[in-house]
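Just the heavy atoms: all of them, side chains too, but no hydrogens, waters or symmetry mates, feed the values below. Residue numbers start from 1 in every chain, and the chains themselves are labelled A, B, ... in the order their sequence lines are given, proteins ahead of strands.
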Amino acid sequence: MLDINQIRENSGNVIEMLSVRGEDFTSVIEEIKKLDSVWRLNLKEAEKLKAEKNSVSEQIGELKREGKDASGVIKKMQEVASRIKELDEKVKNVKSELDNKQRYIPNIPAEGIRKVDRIVREEGKKKDFSDSETPPLPHWDIGEMLKIIDLKTATKLSGSRFPLLKGEGAELERALITFMLDIHRKYHGYTEIMPPYLVKEEIMTGTGQMPKFGEDMYNTKKDNLYLIPTAEVPLTNMHREEIIGKEDLPKKYMAYTPCFRREAGSYGKDTGGLIRNHQFNKVELVNIVLPEESDNFHRQLLSESEEVLKRLGLTYRVLELGTCEIGFSATKTYDLEVWMPGEKKWREVSSCSNCRDFQARRMALRYRKEDGNTEYLHTLNSSGVAVGRIFAAILENFQTDEINVIIPKAIRKYIKRKTLIA
RNA sequence: GGAGAGGUACCCAAGUGGAUUAAGGGGGUGGUUUGCUAAACCACUAGCAGGCAUAACGCCUGGCCCGGGUUCAAAUCCCGGCCUCUCCGCCA
C-alpha cells in the first residue's frame, strides 16, 4: 500500500512513478484522492458532533443526579445522534471504498531501473554436450527413464500439473530441501520456521496477493482460508500489527513449504515436467529490516540465494527485472535463472525482491525510533531456492550418455549416492 | 461437532447504564533515604490509530477481543463472529 500522504501531497508525481510499470493509474489515483477528501470532510463533521454529544451527555448525567429535568436537552441530542449515525455510515463506506482502491495499487518501482529486464551477469559456463552421442534430454524424459518422476500417476490423483516423485526422486527432493536449509542456517543466520500452509484472507492481503490476485489462489470456501502460494506469505506476516524494538532487528526467517498456485490463464504454457505445477516445493527467505538498511540486505539476500546454485555447480544468470515485469509488491527484483541444457532455456529458480514499506504498511509492521515514534519496516524476500526446478536442473545438467545422473558433491551427504542409475 | 467458563493496559485484576479522568496490585522507569545491596517511601507509567492545527505547544475523535445494535449516554444491555480454557465426542 502506498502512503496516502504521498498521494494527497503530490498525486501527479505518484502517477508518473507508477507509469513506468506500463500502465496508467491517473484515474484511480484521482479517485482515491477524491474519496480521501470526502472521507476527511465527513469525518471532521462527525467528530465535531461527537465532541458535542460527549459534553452534553455529561451534563445530562449531572442534571439527573441533581434530580432536575433533562428532557429538553435529550430531545435535542436525539437529533444530533441521528445525524452522527448518518455521518458514521458515510464515513465507513467511503473509507472502505478508499482502502479497497488503495489495495489494488502496486508498489512504486525503485529509481534507475530500466523498462525491460537487464542481464546483470552470468555465472559459470553452459555445459558442453558436444562430445555426447545424443543431445541432452529434457528432465521429464530423464525422470521417466529413471522412474523417479511419475506424472501420469500424479494426474490420476489430482489432474494436470501436479508432481509425483518416486523412490530416489523423492529422496533427491528431500535432500535438496535439507541442503538448502542447512546452508542458510549455518552460513546466513536464518531461523527455520514451519508455518501453516493455510492462512486467513487478511494475511494474503498483507503481502499483496489479495485482493487483486485472488484468482491465482486456492481457497477453502467453508473456512475462507487460502493455500499459501509461497512461504513469503506466512513468514512476512509473522510480526504483523507489531512494533518491533530496534534491538530485535533484523529478522531473518526461512521456511521450506510446498507452494500452491492455480496458474490461471497459463494453460498450455510450460507444460513439461516440473516447471510450472500447481504444487511445488520451495525454500523461502524473508528479511524484516530497518528502512535505511534494506538496500544492503537486498544485495546480501541475492548472494545468499546464489550461494545455493554455486555450491551445486549450476550455471545461472542474474536478471534485474524491468519496471514492467516487477511484481505487485516489489520496488526492485532480481531473478536467478538456471541454464537447462535439455530444454535449452534459462529457467527462473529464484526471485529476490525488496518491497520496502509496501507490505509493512498493509500489515502495520513497525519499529520504534529513537524519538519514540513508530515507522514502517522494510520487508524483503527471496527464494532460496525453488526445489523442483533445481531437481530438474540437476537432471538436465548432470545427465550422461547412459541416462545416469551424477549427484552434485554438495548434496551427497544428504542422499548418500554418487549417481542415479537408469 | 456438543455443553460450560472466560477475553479489560506489560502481567494479575475490580468494575451490571451517567460520580470512571477504567479502581487496586504486580512489574517497569525516575527519585528520596543509603557505605553497598535489599527494604521502605514518593512520583510517573493507555499504548495505538486517525482527523484538525503547527515555527512550536496543542485540540478533538475512536479505543475495555472483533463487528453490528439499543440509548441523549455502553467496559456495563442485546445480536453475530473470533480466540482461549474445562469436559464430552471424533482423530494422526
Using a cut-off of 4.0 Å on non-hydrogen atoms, how would the nucleic acid contact of K85(A) be classed: base, sugar-phosphate, or nothing?
-> sugar-phosphate
Who is the Watson-Crick or G-U wobble partner of rU76(B), with both distances under 3.5 Å?
-> none
Enclosure of K246(A) NZ (heavy-atom neighbours >12, cutoff 6.0 Å) = yes
Whole angstrom value for the distance that separates C1' of rA49(B) from CZ of R361(A) | 14 Å
Selection from rC48(B), rG50(B), rA73(B) that lies nearest to any side-chain heavy atom of S57(A) = rA73(B)
pair_partner(rC36(B)), Watson-Crick or wobble, both distances < 3.5 Å, evaluates to none
Of the nucleotides rC72(B), rG51(B), rC48(B), which has the atom closest to the R368(A) side chain?
-> rC48(B)
Parallel, tilted or perpendicular for F328(A) and F213(A), by the 30°/60° rule?
-> perpendicular
For R40(A) and rG51(B), what is the distance between atoms CZ and P respectively, to the nearest whole Å?
-> 7 Å
Pick one: which of M254(A), E284(A), M238(A) meets side-chain contact (heavy atoms from CB on, under 4.5 Å) with I193(A)?
-> M238(A)
Partner of rG15(B) under the Watson-Crick or G-U wobble criteria, both distances under 3.5 Å, comes out as rU8(B)
Mind checking the C1' distance from rU8(B) to rG24(B)? Whole angstroms is fine.
-> 14 Å
Ring centres under 6.0 angstrom apart (F391(A), H139(A)) = no
Go ahead and name the base partner of rC87(B); Watson-Crick or wobble counts if both distances stay under 3.5 Å, otherwise write none.
-> rG2(B)
Grab the NZ-P distance between K200(A) and rC83(B) for me, whole Å please.
-> 7 Å
For nucleotides rA3(B) and rG89(B), find the distance between their C1' atoms and express it as a whole number of Å.
-> 11 Å
Name the residue closer to the 5' end of RNA chain B, choosing between N5(A) and I243(A) according to the nucleotide with the nearest heavy atom.
-> I243(A)
Round to a whole Å and report the spacing from CG of D36(A) to C1' of rG51(B).
-> 11 Å
Base partner of rG62(B), which must satisfy Watson-Crick or wobble distances under 3.5 Å | rC48(B)
Within 45° cone and under 6.0 Å: R240(A) NZ/CZ vs Y376(A) ring | no
Grab the CG-P distance between N42(A) and rC52(B) for me, whole Å please.
-> 13 Å
Salt bridge (Lys or Arg N to Asp or Glu O under 4.0 Å) involving K53(A) - partner list, sequence neighbours excluded = none
Return the minimal non-hydrogen interatomic distance between L235(A) and A255(A), and the atom names on each side.
-> CD1-N, 3.8 Å
I60(A) near the nucleic acid: base, sugar-phosphate alone, or nothing, with a heavy-atom cut-off under 4.0 Å?
-> base
Nearest-Å distance for atom pair CD/P, residues E241(A) and rC65(B) = 16 Å
So which one's nearest nucleotide on RNA chain B is more toward 5', E58(A) or I74(A)?
-> E58(A)
Are P229(A) and C259(A) close enough that some pair of their side-chain heavy atoms sits under 4.5 Å apart?
-> no
In whole angstroms, how far is the C1' atom of rC72(B) from the CE atom of M77(A)?
-> 7 Å
If we take the P atom in both rU71(B) and rC12(B), what is their distance in whole Å?
-> 36 Å
Hunt down the Watson-Crick or G-U wobble partner of rC41(B), both distances under 3.5 Å, from any strand shown, or write none.
-> rG31(B)
Measure from the side chain of K92(A), starting at C-beta and using heavy atoms only, and say which of rC72(B), rG68(B), rG51(B) lies closest.
-> rG68(B)
Are the aromatic ring centres of Y253(A) and H239(A) under 6.0 angstrom apart?
-> yes
Which part of the nucleic acid, if any, lies within contact of R8(A), taking any heavy atom under 4.0 Å across all strands shown: a base, the sugar-phosphate backbone alone, or nothing?
-> sugar-phosphate
Please write out each protein N/O paired with an N/O of nucleotides 56-63 of chain B under 3.5 Å, distance rounded to 0.1 Å.
residue, atom, partner, partner atom, Å
rU61(B), OP1, N54(A), ND2, 3.2
rG62(B), OP2, N54(A), ND2, 3.3

Compare the minimum distances between each of rG50(B), rC52(B), rA49(B) and the side chain of T374(A), then state the nucleotide with the smallest one.
-> rA49(B)
Round to a whole Å and report the spacing from NZ of K369(A) to C1' of rC48(B).
-> 16 Å
